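Notes follow once the structure below has been shown.
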Amino acid sequence: MNQPPSEEEPFYFSQRALFMDQLNLAAVGSAVSVSRHFIRLTLSKWHARSIEGDAALVVSELVTNAVKVTGVLDRQPTWVELETLSLVTVRLIGLDTSVVIEVWDVSQKMPVLRKPDDDTEGGRGLLLVEETAKDWGSYRTPRGKLVWAEIPVPEATPSVLPRRRRSERSNVRLAARADPWLLRSLFVGLQTI
């Protein structure tokens with residue numbers, strides 16, 4: 001069940017992370033699309049592509065909010081702004097049955113879940129996060145805040161071929177070693193290529 005954000009320590013601090021990957025980005029509008037690519041690549045590397053869509057949506061909303069409060073979202077930053085831009089950090093933590101997405105920024109302003117009316121533009125990002133994630137929350141850090149969302153990973157089905165019994169495997173190797181004519185034929189064939 002989704003809960004409103006709190007400043008308590010998140011549940012996953014007490015769990016052992018199986019995987020972890022992190023990306024630091026300048027707080028500009030392009031950070032949103034770069035964070036989505038980072039999520040897709042990382043989940044592919046972790047063999048968790050089944051949650052790629054949900055994770056990309058969640059990271060988009062969280063990074064958009066972080067850039068809104070700490071950087072430049074809707075235009076190219078000026079040269080002067082580039083020198084003073086803050087960082088946004090995206091971290092992915094793989095647990096036993098879920099993946100946690102963390103987005104850190106330098107703002108102390110905590111996220112507020114709003115229920116905008118039909119005429120309001122924007123303001124629906126955290127609603128999407130709440131609908132998509134199993135749980136989410138936020139807490140203050142010494143230099144800003146961190147917003148996190150947990151996405152469950154469905155149980156994977158094995159995609160590995162069944163292993164041969166040891167006796168079958170050893171007989172095949174012995175047969176290949178015992179046939180010098182076959183090895184010589186392969187060697188000659190490879191030389192002609």
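For clarity, every value in this text was computed on a predicted model and none was experimentally measured.
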Closest non-hydrogen atom pair, G71 against L85: CA-CD2, 4.2 Å
Shared-cluster residues of V69, by chain and number - hydrophobic side chains joined below 4.5 Å: none
Inter- and intrachain pairs under side-chain hydrogen bond (donor to acceptor under 3.5 Å, both in side chains), touching residues 26-40, at least two apart: R36-S60
Residues forming a side chain to side chain contact (heavy atoms under 4.5 Å, CB included) with R49, sequence neighbours excluded: S44, E52
Enclosure of R75 CZ (heavy-atom neighbours >12, cutoff 6.0 Å): yes
Smallest separation among heavy atoms of P152 and K134, with atom names: CD-CB, 3.7 Å
With Y139, the ring-ring contact (aromatic ring centres under 6.0 Å, His included) member among F13, W148, W104: F13
Non-neighbouring partners of K109 that pass salt bridge (Lys or Arg N to Asp or Glu O under 4.0 Å), sequence neighbours left out: none
Intermediate values then yes/no, side-chain contact (heavy atoms from CB on, under 4.5 Å), L23 and V34: CA-CA 9 Å; L23 180 66; V34 172; 3.9 Å; yes
Residues that R16 engages under salt bridge (Lys or Arg N to Asp or Glu O under 4.0 Å), provided they are two or more places apart: none
ILVMFWY cluster, V103 and L127 together (side-chain gap under 4.5 Å): yes
Minimum heavy-atom distance between A31 and L25, given as atom pair plus value: O-CD1, 3.5 Å
CD1-CG distance between I39 and L92, expressed to the nearest 0.5 angstrom: 4.0 Å
Side chain to side chain, P154 and I51, heavy atoms closer than 4.5 Å: yes
Any residue meeting side chain to side chain contact (heavy atoms under 4.5 Å, CB included) with Q22, in chain and number order, not counting sequence neighbours: N24, T89, R91
Straight-line distance of R143 CZ to S107 OG, nearest 0.5 Å: 14.0 Å
Minimum-distance pair of heavy atoms, taken over all atoms of L95 and A17: CD2-CA, 4.1 Å
Which residues share a ring pair (Phe, Tyr, Trp, His ring centres under 6.0 Å) with F38, sequence neighbours left out: none
side-chain contact (heavy atoms from CB on, under 4.5 Å) between V147 and N65, worked out: CA-CA 10 Å; V147 183; N65 290 346; over 6 Å; no
Counterpart residues, side chain to side chain contact (heavy atoms under 4.5 Å, CB included), relative to A149 (two or more places apart): V58, L62, V129, A133, W136
D135, I101, I93 screened by side chain to side chain contact (heavy atoms under 4.5 Å, CB included) with E150, the one that passes: D135
From CA spacing to verdict: side-chain contact (heavy atoms from CB on, under 4.5 Å), V67, V28: CA-CA 6 Å; V67 172; V28 294; 5.5 Å; no
Pairs flagged by salt bridge (charged side-chain N to carboxylate O under 4.0 Å, His left out) wherever residues 54-63 is involved - sequence neighbours left out: none
Partner set under side-chain hydrogen bond (donor to acceptor under 3.5 Å, both in side chains) for T64, not counting sequence neighbours: none
Contacts of type side chain to side chain contact (heavy atoms under 4.5 Å, CB included), residue F19, not counting sequence neighbours: W46
Minimal non-hydrogen separation, D105 against A66, with atom names: OD2-CB, 3.4 Å
ILVMFWY clustering at 4.5 Å (side-chain atoms), partners of L57: L128
Exercise: identify the closest heavy-atom pair between V106 and S86: CG2-OG, 3.3 Å
V88-L41 co-clustered via ILVMFWY side chain contacts under 4.5 Å: no
